[in-house]
Amino acid sequence: MAALYGVLRKLKSRNILQFPYISCCRSLASVTTAHKTPPLLYHANKKISHLIRTGRLSEARALFDSMNQRNTVTWNSMMSGYVHRREIAKARQLFDQIPQRDIVSWNLIISAYFSCRGSRYVEEGRKLFDEMPERDCVSWNTVISGYAKNGRMKEALKLFDAMPDPNVVSSNALITGFLLNGDVDSAVQLFRRIPVRDSASLNALMSGLVRNGELDVAARILHECGEGNDGKGDLVAAYNTLIAGYGQKGMVEEARCLFDEIPDYQGEDGNKSERRFRRNVVSWNSMMMCYVKTGDIVSARELFDRMIERDTCSWNTMISGYVQVSEMKEASKLFMEMPSPDTLSWNSIISGYAQNGDLGLAKDFFLRMPNKNLISWNSVIAGYEKNENYNGAIELFSQMQLEGERPDRHTLSSILSVCGAIADACIVFNEMKLYKDVITWNAMIGGYAFHGLASEALELFKLMQRLKIHPTYITFISVLNACAHAGLVEEGRRQFNSMIKDYGIEPQIEHFASLVDILARQGQLQEAMDVINSMLFKPDKAVWGALLGGCRVHNNVEFAKVAAEALIRLEPESSAPYVLLYNMYANLGQWDDAERVRVLMEKNNVKKQTGYSWVDS
DNA sequence: GTAGGGTTAG
């Protein structure tokens, strides 16, 4: 046994036969651990990992704390629970306490740091990687994919060149990274250079190409890889990705063609059936989703009825289809019929009732659901807002934060619109005596800011400060928004700094977006760009949108191009950035550039939405 | 117990 283990170790260090090795090693490891580890400890470890896999982290921790004997596997399992939840401080605490760390302990903590956004974490992860006493290929792959996921391809490539045995996993990570940055050519080139590709290589390439709107390239490569390949089993996932990609763009016919290319065979055929090229659940789900996207609920249902094996996602897709066309009866019928509804199923039903004006049922389901998440709250709050039940929305908004759920931009946009009837909101606010906490203050300030009543928002903020009510990061989003609307550059900067210095609130991406907005609106575009470059966050839609908005007002094509390209990369299907850029070029008489934008839009199959004009903006 | 890839909800 020991000799065999040694041989496998050597193979591993040379990176030969990754997958067989890993599966071999897993079974072997469990055999050896079972031999050496006392049975009680062995079973306790199993239980911890089971609890973590089923999301019962606190139970796992209780068991961990109660154990009087632990080995490194115990520590690592417990750590992995925190890593999964991105609770990095707790993971680190455990890591620092482990009596005997092994490579897995190091790999775990490093992967934790790299999976958090923000360069501070990346640097810490890298520091640990440099410090670790011994590395295996997982360590290298973790760091390379970590850099790639954070868009830092320079470092990723440098490590790729430096690693002792470059392998297919790190190549796949690089492909993903290139495509996150929109670098299609490099991704395709690297893909072609991989000596022995596996199914994940093709899948990484496919999903990236689809995200970048390069459906033609994706289709070509997919068919190239399929030719002369009789073990086509691995291709199904790639087909599924492209089918879904066509669906996103409403190209149902192309999707259906691909779907029909996969042999229609369902059910068991006894031996090694998994490796055969045939439709699986995901293929059916993806095709169904294409129909749902275009509102063709009949065709979707046809597929649903033909499926022999349905999973939760099949049910959810079908339910969301009925919700979309407001057939709540059928939606809830399926919900009742389905074997085990998950959080997503509940959320679909709740948002369905909420959107269709049945707040009572929406709230009923909401109260009954077992595991609420942020989207559950957002769905029901959005429902109250759309149905003009403002008090209800604000009440839920408060309740949500009392239960420790942190609002995001979806929540905020509902709650800001809630203050749509600003006079009503004001009355409600003044009448609230008992329940006026920081959250209601936030809602009110946000309401003023949203309606461009900047001085009212800032006044209220000052009053709040005088009353010694501690503002939160949400308060500052509204305050900064108010400054943006009122064109108060200096005030905005001052508030941004005061938030950090006086209140110790770390700026989030929303605050940066506001700051960029403030500067860009006043034409300080270089300063706005400097802010973007200085952020630890990867700029998102709001940030680039703010910059683009400023560019438009101040007719700055140079920065507009940068912002529009970034937006197109983030949301290739949205027509707004194309139209904006087109109009700017047209205004300046740069017709060649304008035409290029129009062609690009056509190539990406983006439909111009009503409400945007080619001529006037 | 650690690294890369496919479908669904606000």
Side-chain angles (χ1 to χ4, degrees), chain A residues 18 22 26 29 33 45-46 48-49 52-53 71-81 83-84 102-112 114-115 136-146 148-149 167-177 198-208 210 234 236-245 247 280-290 292 311-321 323-324 342-352 354-355 373-383 408-411 413-414:
Chain A
Q18 277 232 355
I22 283 172
R26 269 199 200 125
T33 344
N45 286 348
K46 282 244 155 195
I48 286 187
S49 71
I52 286 170
R53 265 202 313 275
N71 61 12
T72 306
V73 176
T74 325
W75 285 90
N76 290 346
S77 306
M78 196 57 237
M79 210 161 82
S80 82
V83 174
H84 250 92
D102 62 8
I103 289 198
V104 177
S105 327
W106 284 91
N107 290 345
L108 263 164
I109 193 68
I110 291 172
S111 81
F114 273 96
S115 63
D136 63 4
C137 63
V138 177
S139 327
W140 286 92
N141 292 338
T142 306
V143 178
I144 289 172
S145 93
K149 271 186 292 196
N167 57 49
V168 67
V169 175
S170 51
S171 300
N172 297 347
L174 288 178
I175 289 178
T176 305
D198 64 10
S199 58
S201 321
L202 183 58
N203 292 334
L205 185 66
M206 283 295 132
S207 68
V210 164
D234 287 351
V236 182
Y239 266 81
N240 295 345
T241 309
L242 191 51
I243 289 173
N280 61 18
V281 197
V282 181
S283 325
W284 288 86
N285 293 349
S286 304
M287 192 60 230
M288 242 165 64
M289 195 55 214
C290 293
V292 164
D311 64 3
T312 311
C313 182
S314 326
W315 289 89
N316 288 347
T317 305
M318 200 62 233
I319 290 175
S320 79
V323 165
Q324 258 181 49
D342 62 2
T343 307
L344 220 137
S345 334
W346 283 90
N347 287 347
S348 299
I349 288 291
I350 290 168
S351 81
Q355 279 162 25
N373 64 13
L374 179 58
I375 296 180
S376 328
W377 287 97
N378 286 347
S379 308
V380 72
I381 290 175
D408 68 354
R409 59 195 174 86
H410 294 277
T411 333
S413 96
S414 297

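In what follows, chains carry the letters A, B, and so on, assigned in the order in which the sequence lines appear, proteins first and then strands, with residues in each chain numbered from 1.
- With dA9(B), dG6(B), dG5(B) as the choices, the nucleotide that has an atom nearest any side-chain atom of T241(A) turns out to be dG6(B).
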**Item:** I103(A)/V138(A) under side chain to side chain contact (heavy atoms under 4.5 Å, CB included): CA gap, chis, key distance, verdict
**Value:** CA-CA 9 Å; I103(A) 289 198; V138(A) 177; over 6 Å; no

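- At a threshold of 4.0 angstrom between heavy atoms, the contacts of D408(A) include nucleobase atoms, whether or not backbone atoms are also involved.
- Within the 4.0 angstrom heavy-atom criterion, base atoms lie near L344(A).
- Defined by atom type and a distance below 3.5 Å, a donor-acceptor pair is missing between the side-chain atoms of N285(A) and N240(A).
- Residue D102(A) is in base contact, counting any heavy-atom pair closer than 4.0 Å across all strands shown.
- Between S80(A) and dT2(B) there is no side-chain polar atom (N or O) within less than 4.0 angstrom of OP1 or OP2.
- Under the side chain to side chain contact (heavy atoms under 4.5 Å, CB included) criterion, A204(A) pairs with I175(A), T176(A), sequence neighbours left out.
- Among the heavy atoms of the strands lying under 4.0 Å from S145(A) are primed sugar atoms or P, OP1, OP2 only; no base atom is included.
- Residues satisfying the side chain to side chain donor-acceptor pair (under 3.5 Å) test with S207(A), not counting sequence neighbours, are none.
- Residue L374(A) is in base contact, counting any heavy-atom pair closer than 4.0 Å across all strands shown.
- Stem regions annotated for DNA chain B: none, counting only runs of 3 or more consecutive pairs of Watson-Crick or G-U type with both contacts under 3.5 Å.
- Counting any heavy atom pair closer than 4.0 Å across all strands shown, N45(A) reaches no nucleic acid atom.
- Side-chain contact check for I110(A) versus S139(A): every heavy-atom pair is 4.5 Å or farther apart.
- Among the nucleotides dA9(B), dA3(B), dG6(B), the one closest to the side chain of V282(A) is dG6(B).
- For a distance-only test at 3.5 Å, the side chain of N285(A) fails to qualify as a donor-acceptor partner of the base of dG6(B).
- With values rounded to the nearest 0.5 angstrom, M318(A) atom CE is found 10.5 Å from M289(A) atom CE.
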